[in-house]
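The block underneath contains the structure these notes are about, expressed in structure tokens.
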Amino acid sequence: MLEAPPRERLPRHVGIIMDGNGRWARARGLPREDGHDRGADSVRTVVRAARKVGIEALTLFAFSSQNWDRPPEEVFHLMELLRRYLVQERAEILDNGIRLVTVGEAERLPPLVRDPLGELMAASAHNRDMILCLALSYGGREMLTKAVREMCRAVAAGRLDPESVEVATVETYLESARLLPPLDLLIRTSGEHRISNFFLWETAYAELYFTDKQWPEFDRDDLMAALADFARRERRFGMTGDQVRTQATTGDVAGGSAPSDLD
Ligand code: IPE
Ligand code: IPE
Ligand code: MG
């Protein structure tokens, strides 16, 4: 069993594009739906493991804005599976101090999902040990478009001065930034190397991790391997490696307090 990296090297917020359910099933001569059902077992395993090692927030990309275009039977199966997940995991989520939140177009979800989702979000609202965020009917472009629309409305109503708009202003219009810490690590399973309209704004400085494993096979050790990989990386945020290392030892940017050559 792989060990988790030390706490100070852990990402605060991990996002996962849970991909490959259909291919996992097809490779075994099973219907795609069976792959989704097995994928729900991986969700349970990964949520447990993340909570245990002390991840602050875990966002699972469960259904994209574009996934509505799949065959209606598959969409219906996914909605029913979501409902089942919410009902079956209710006790474990509450007992483990997990706060459930969502990002995405919640209004597009059918009541069979929206009702148990709303109930569990309310029941878990005061939990503080981990945030579990389900990205449901989520599209990065759709979320940015919504933010732009709301900002345009605010400008038109005289509540927002266009000249005052900064990066932080935009973030006040994004659910993800209001609810979650910055995204540190993005994992995608199934061997695909794309974002598929997930967290577009949020991936700006996230570390990306890809694995060939299909989602139904992804287990605790796979999560630990991704966390270990993250722990070894140097995140520079545009600075030099020397600056980052000095900052890590002194808490200051290299040369930050010394007079610069340009003075
Ligand atoms: C991920 O698995 C689950 C969802 C997108 C809902 P897929 O269903 O995309 O599986 P593949 O990519 O077809 O194998
Ligand atoms: C991304 O997977 C969406 C989710 C995991 C929910 P897709 O299977 O929909 O992505 P593409 O179609 O391969 O880009
Ligand atoms: Mg897929």
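In listed order, ligands and their atoms are each counted from 1.
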Any heavy atom of Arg26 sitting closer than 4.0 Å to ligand 1? no
Lys/Arg N to Asp/Glu carboxylate O, Glu119 vs Arg114, below 4.0 Å: no
Numbered in order shown, the ligand 2 atoms found under 4.0 Å of a heavy atom of Arg188 are 2 (O), 10 (O), 11 (P), 13 (O)
Among protein heavy atoms, which lies nearest atom 6 (C) of ligand 1, and at what distance? Ala62 O, 3.4 Å
Please enumerate all residues that pass ring-ring contact (aromatic ring centres under 6.0 Å, His included) together with Phe198, with sequence neighbours excluded. Phe61, Tyr138
Look at atom 1 (C) of ligand 1 and say which protein heavy atom is nearest, naming residue and atom and giving the distance to 0.1 Å. Met18 O, 3.0 Å
Donor on one side chain, acceptor on other, Arg178 and Thr172, under 3.5 Å: no
What's within reach of the Mg ion (ligand 3), meaning protein N/O/S atoms under 2.8 Å? Asp19 OD1
Salt bridge or not for Glu234 and Arg245, using N-O below 4.0 Å? yes
First locate atom CG of Leu186, then atom CZ of Phe230, and finally report the distance between them rounded to the nearest 0.5 Å. 11.5 Å
Out of curiosity, is Gly20 lining ligand 1, as in a heavy atom under 4.0 Å away? yes
Numbering the atoms of ligand 2 from 1, which are under 4.0 Å from a heavy atom of Phe63? 6 (C)
Have a look at Asp184 and tell me which of Arg12, Arg235, Arg9 forms a salt bridge (charged side-chain N to carboxylate O under 4.0 Å, His left out) with it. Arg235
Does the N or O separation between Arg194 and ligand 2 drop below 3.5 Å for any pair? yes
Using the test side-chain hydrogen bond (donor to acceptor under 3.5 Å, both in side chains), find all partners of Arg48 that sit at least two apart in sequence or belong to another chain. Glu92
Give the residue and atom name of whichever protein heavy atom lies nearest to atom 14 (O) of ligand 2, and the separation in Å to one decimal. Ser196 OG, 2.5 Å
Atom CD in Gln214, atom CZ in Arg38: separation rounded to 0.5 Å? 12.5 Å
Test side-chain hydrogen bond (donor to acceptor under 3.5 Å, both in side chains) applied to Glu73 - qualifying residues, sequence neighbours left out: none
Taking distance alone, with N or O pairs closer than 3.5 Å, would you say Trp24 contacts ligand 1? no
Determine, considering heavy atoms only, which of Ile195, Asp19, Asp69 sits nearest to atom 8 (O) of ligand 2. Asp19
Identify, for atom 3 (C) of ligand 2, the protein heavy atom at the shortest distance, and state residue, atom and that distance. Phe61 CE2, 3.6 Å
Residue, atom and distance of the protein heavy atom nearest atom 10 (O) of ligand 1 read Gly22 N, 2.9 Å
May I ask whether Arg23 has any heavy atom positioned less than 4.0 angstrom from an atom of ligand 2? no
For the CE atom of Met1 and the CE atom of Met224, what is their distance to the nearest 0.5 Å? 8.0 Å
When you measure from atom 5 (C) of ligand 1 to every protein heavy atom, which one gives the shortest distance, and what is it? Arg70 NH2, 3.4 Å
Using modelled atom types and a 3.5 Å cut-off, is there a donor and acceptor pairing between side-chain atoms of Asn96 and backbone atoms of Ile98? no
Which is it for Phe198 and ligand 2 at heavy atoms under 4.0 Å: side chain, backbone, both or neither? neither
Residue, atom and distance of the protein heavy atom nearest atom 2 (O) of ligand 1 read Asn21 N, 3.2 Å
Please determine which of Val113, Leu134, Leu78 meets the side chain to side chain contact (heavy atoms under 4.5 Å, CB included) test together with Phe63. Leu78
Run Glu33 and Arg70 through salt bridge (Lys or Arg N to Asp or Glu O under 4.0 Å) and show every step you take. CA-CA 12 Å; Glu33 282 74 8; Arg70 291 194 177 191; over 6 Å; no
I need the contact type for Glu33 against ligand 1. Using non-hydrogen atoms and a strict under-4.0 Å cut-off, is it side chain, backbone, both or neither? neither
Is Glu207 salt-bridged to Arg236, cutoff N-O under 4.0 Å? no
Could you say whether the N/O atoms of Asn67 and ligand 2 ever approach to under 3.5 Å? yes
Salt bridge Asp222-Lys213, side-chain N to carboxylate O under 4.0 Å: yes
Which of the ligand 1 atoms, numbered from 1, are nearer than 4.0 Å to a heavy atom of His36: 3 (C), 8 (O)
